[in-house]
Asker: 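Please find one structure pasted underneath; my questions will follow.
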Amino acid sequence: SKKKGLSFEEKRVRMMEIFFETKDVFQLKDIEKIAPKEKGITSMSVKEILQSLVDDGMVDTDRIGTSNYFWAFPSKALHARKRKLEELESQFAESSQKKEVLQKSIEKSKIGREDTAERAALIEELAALRQKKEQLKAEVDKYRECDPDVIEEMRKTNKIAMEAANRWTDNIFSIKSWAKRKFGFEESRIDKSFGIPEDLDYVD
């Protein structure tokens, strides 16, 4: 049975599964067909979810001719997750330390003193830091839960993902060669017309 009410992060995880399970390169229209049918992601949210993954460096995109193509290299996804996890853990540690300092200041201010504006400000800041700490802890835990599965999947699919990218590169080279033979176009003209980078090459 389909799971209803997927969270934003659950949609992102399922979107990444499309790339890792198929080891292929897609256009937006392809993903808009696959995501609702196979992953329960509504078609209206596909573009937003995909863009968030591109913004976070989890999914790569490039324009070839008039079309945008999307793909995900497992090694890059792992690096992005590790970097995000390290950033969140650093923020979490910093917030915890600041909270401890503020807590000590508040306890000290209670001894023989009436409530002051400074104390009230410290209490307010402490409450805000506690809330941020809980948010960061929840996000850190989320990435910790995801990482083992992602790492394992990356180990299995890295080679296949590279082969998929190289297969598309090979197709582009074949089309360029056919166009040169068929129409006598210069290679530089083909590259310029279809937005093909001059340094396009296979992935090592």
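Scope of the values below: all heavy atoms of this structure, side chains included, with no hydrogens, waters or symmetry mates.
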Asker: Does Gln51 form a side-chain contact (heavy atoms from CB on, under 4.5 Å) with Lys47? I'd like the steps, not just the answer.
Answerer: CA-CA 6 Å; Gln51 187 60 51; Lys47 189 173 183 179; 5.6 Å; no
Asker: Should Ile31 and Met44 be regarded as members of a common hydrophobic cluster, given that ILVMFWY residues are connected when their side-chain heavy atoms come within less than 4.5 Å of each other, either directly or indirectly?
Answerer: no
Asker: Please name all residues satisfying ring pair (Phe, Tyr, Trp, His ring centres under 6.0 Å) with Phe70, sequence neighbours left out, ordered by chain then number.
Answerer: none
Asker: CD of Glu94: more than 12 outside heavy atoms within 6.0 angstrom?
Answerer: no
Asker: Could you tell me the separation between the CZ atom of Phe26 and the CG atom of Leu50, rounded to the nearest 0.5 Å?
Answerer: 11.0 Å
Asker: Side chains of Asp24 and Trp168: is there a donor and an acceptor less than 3.5 Å apart?
Answerer: yes
Asker: Same hydrophobic cluster for Leu129 and Ile123, using side-chain heavy-atom links shorter than 4.5 Å among ILVMFWY?
Answerer: yes
Asker: What closest approach, in Å, do Lys11 and Ile41 show between heavy atoms, and which atom pair accounts for it?
Answerer: O-CD1, 3.5 Å
Asker: Quick check: closest heavy atoms across Leu6 and Lys39, and the distance to 0.1 Å?
Answerer: CD1-O, 3.9 Å
Asker: Quick check: do Met16 and Val59 have side-chain heavy atoms less than 4.5 Å from each other?
Answerer: yes
Asker: Can any side-chain N or O of Arg63 pair as donor or acceptor with the backbone N or O of Asn68 at less than 3.5 Å?
Answerer: no
Asker: Verify, without hydrogens or angle tests, whether Asp56 (side chain) and Leu53 (backbone) share a donor-acceptor contact under 3.5 angstrom.
Answerer: no
Asker: Ignoring hydrogens and geometry beyond distance, is a side-chain donor-acceptor pair present between Gln103 and Arg130 at under 3.5 Å?
Answerer: yes
Asker: Under a 4.0 Å threshold between the charged nitrogen and the carboxylate oxygen, would Glu17 count as salt-bridged to Arg14?
Answerer: no
Asker: Quick check: does any side chain N or O of Thr22 sit under 3.5 Å from a backbone N or O of Ile18, one acting as donor and the other as acceptor?
Answerer: yes
Asker: Would you check if Gln27 and Asp30 make a side-chain contact, meaning some heavy-atom pair closer than 4.5 Å?
Answerer: yes
Asker: Does Ser52 reach the main-chain N or O of Ile49 with its side chain, forming a donor-acceptor pair under 3.5 Å?
Answerer: yes
Asker: Ser177: which residues meet the side chain to side chain contact (heavy atoms under 4.5 Å, CB included) condition with it, sequence neighbours left out?
Answerer: Arg181
Asker: Of the non-hydrogen atoms in Phe19 and Ala72, which two are nearest, and what is the gap between them?
Answerer: CB-CB, 3.7 Å
Asker: Where do Pro197 and Asp62 come nearest, in terms of heavy atoms and distance?
Answerer: CG-OD2, 4.4 Å
Asker: CG of Leu102 to OG of Ser95: how many Å apart, nearest 0.5 Å?
Answerer: 10.5 Å
Asker: Give, for atom CD1 of Ile34 and atom CD of Glu21, the distance between the pair rounded to the nearest 0.5 Å.
Answerer: 10.5 Å
Asker: Would you compute the distance between atom NZ of Lys33 and atom NZ of Lys37 and round it to the nearest 0.5 angstrom?
Answerer: 10.5 Å
Asker: Who pairs with Glu125 by salt bridge (Lys or Arg N to Asp or Glu O under 4.0 Å), at least two apart in sequence or on another chain?
Answerer: Lys98
Asker: Could you tell me whether the side chains of Ser43 and Glu32 share a donor-acceptor contact shorter than 3.5 Å?
Answerer: no
Asker: Could you measure the distance from the CD atom of Glu48 to the OG1 atom of Thr42? Nearest 0.5 Å is fine.
Answerer: 9.0 Å
Asker: Quickly, which of Lys133, Glu134, Lys132 forms a side-chain contact (heavy atoms from CB on, under 4.5 Å) with Leu136? Name it, please.
Answerer: Lys132
